[in-house]
Amino acid sequence: MWNTLKEIRKFTPKAEVDRILGVSPVQIKNRPSWYYGGGFVLHYSPVRFRIEGIQRVEYGEAGEYIVGGWHFPDVDTLKMELGLTCFDAEDAAPLEGDIVDGIISYQSTFQEVRQCAARHALEYHSEGETRRLADDQIVFQKRWIAWNQYQLYFHGKSRKTKVTGFHFVQPE
């Protein structure tokens with residue numbers, strides 16, 4: 001599904017995405033997000049938009065248009081990342097191929113992705129940590145590296161922590 005999904009253009013109507021992917025998605029809790037199986041959650045916008053300077057300019061008719069999504073290889077991580085308390089799907093799985101063709105996969109470590117991003121310094125990338133409230137304390141949740149249309153997640157502080165999920169934005 002990933003090879004097909006990453007070719008779908010941003011703001012493609014949901015009905016067309018459903019036809020292309022050929023699955024019956026399940027909406028996630030009153031959100032504009034749908035679970036498509038295999039660990040993929042796709043996010044939709046009610047309008048098309050473009051950014052002009054610092055302004056968001058909406059255009060076209062109201063509807064459901066794909067903007068991006070997430071992939072998590074296991075249901076527990078998917079539930080945690082999306083803040084879900086109950087979620088019935090049990091079919092989440094790692095991708096069979098690469099996340100970024102020939103560059104990044106679920107076997108890539110934080111250090112490898114960081115070095116790869118540094119080698120491609122002309123392309124946008126940044127990194128950071130996310131923390132969350134647990135048992136009345138702020139605790140480490142994950143490290144991340146944002147690179148072009150991807151935000152790659154690493155649930156561990158070690159340089160050798162492997163990719164544990166990612167967010168992506170559809171190509172324009």
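As the structure is a prediction and not an experimental result, all values here were calculated from the model. Each residue takes its place number in the sequence, starting with 1.
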Nearest heavy-atom neighbours spanning P46 and Y65: O-CE1, 4.1 Å

Donor-acceptor contact present, side-chain D74 to main-chain D76, <3.5 Å: yes

Minimal non-hydrogen separation, K14 against P25, with atom names: NZ-CG, 3.5 Å

Verify same cluster id: Y44, V47 (apolar side-chain graph, 4.5 Å): no

Q151 side, atom CD; I145 side, atom CD1 - distance, nearest 0.5 Å: 10.0 Å

Within one Ile-Leu-Val-Met-Phe-Trp-Tyr cluster: L95 and V163, side-chain cutoff 4.5 Å: yes

Flag if over 12 foreign heavy atoms under 6.0 Å of CD, E52: yes

Pairwise side-chain contact, K142 with T164, heavy-atom cut-off 4.5 Å (strictly under): no

Ion pair E58/R50, N-O distance below 4.0 Å: no

Same apolar cluster: L152 and V100, side chain cutoff 4.5 Å: yes

Over all atoms of both residues, closest heavy-atom pair of L21 and Y36: CD1-CD2, 3.7 Å

Contact check, side chains of I138 and R132, non-hydrogen atoms, under 4.5 Å: no

Pair Y106, D98: side-chain N/O donor-acceptor within cut-off below 3.5 Å: no

Ring geometry between F168 and F166 (parallel below 30°, tilted from 30 to 60°, perpendicular above 60°): tilted

Same apolar cluster (I L V M F W Y, side chains within < 4.5 Å links), L78/W144: yes

OH on Y153 to NE2 on H167, rounded to 0.5 Å: 6.0 Å

F49 and F11: CA distance, side-chain angles, deciding distance, ring-ring contact (aromatic ring centres under 6.0 Å, His included) verdict: CA-CA 9 Å; F49 61 88; F11 302 126; 5.0 Å; yes

Between F87 and Y35, ring centroids under 6.0 Å: yes

Derivation and outcome, side-chain contact (heavy atoms from CB on, under 4.5 Å), residues L82 and V41: CA-CA 9 Å; L82 298 180; V41 175; 3.7 Å; yes

Backbone of I28 reached by a side-chain donor or acceptor of S33 within 3.5 Å: no

Enclosure of D91 CG (heavy-atom neighbours >12, cutoff 6.0 Å): yes

Parallel, tilted or perpendicular: ring planes of F40 versus H71, cut at 30 and 60 degrees: tilted

Interatomic spacing from CD in E61 to CZ in R48 - rounded to 0.5 Å: 8.0 Å

Nearest-0.5 Å distance that lies between atom CD in E112 and atom CD in Q115: 7.5 Å

Nearest non-hydrogen partners of G83 and R31, listed with the distance: O-NH2, 3.9 Å

Spatial distance of atom CG (L5) from atom CD1 (I66) [nearest 0.5 Å]: 5.5 Å

Nearest atoms (heavy-atom pairs only) where I103 meets C116: CG2-SG, 3.0 Å

Side-chain heavy atoms of I99 within contact of Y150, under 4.5 Å: yes

Any side-chain donor near an acceptor of the partner, K160 and Q111, under 3.5 Å: no

Distance-only donor-acceptor check, side chains E81 and H155, under 3.5 Å: yes

Close side-chain approach of E64 to P13, heavy-atom, < 4.5 Å: no

Cluster link I8 to V67, ILVMFWY, side chain under 4.5 Å: no

Cation-pi, F140 ring and K157 (6.0 angstrom, 45 degrees): yes

Heavy-atom side-chain contact between T161 and T109 under 4.5 Å: no

Aromatic F154 / basic R143 pairing, under 6.0 angstrom, 45° off normal: no

Spacing of CD belonging to E16 relative to CZ belonging to R9, to within rounding of 0.5 Å: 13.5 Å

Residue pair F72 / K79, side-chain heavy-atom distance below 4.5 Å: no

Heavy-atom side-chain proximity of L84 to K29 below 4.5 angstrom: yes

Whether over 12 other heavy atoms sit under 6.0 Å from R131 CZ: yes

Considering all heavy atoms, the nearest G97-S105 contact: O-CB, 4.5 Å

Test item: F110 and E127 side chains (from C-beta on) under 4.5 Å apart, heavy atoms: yes

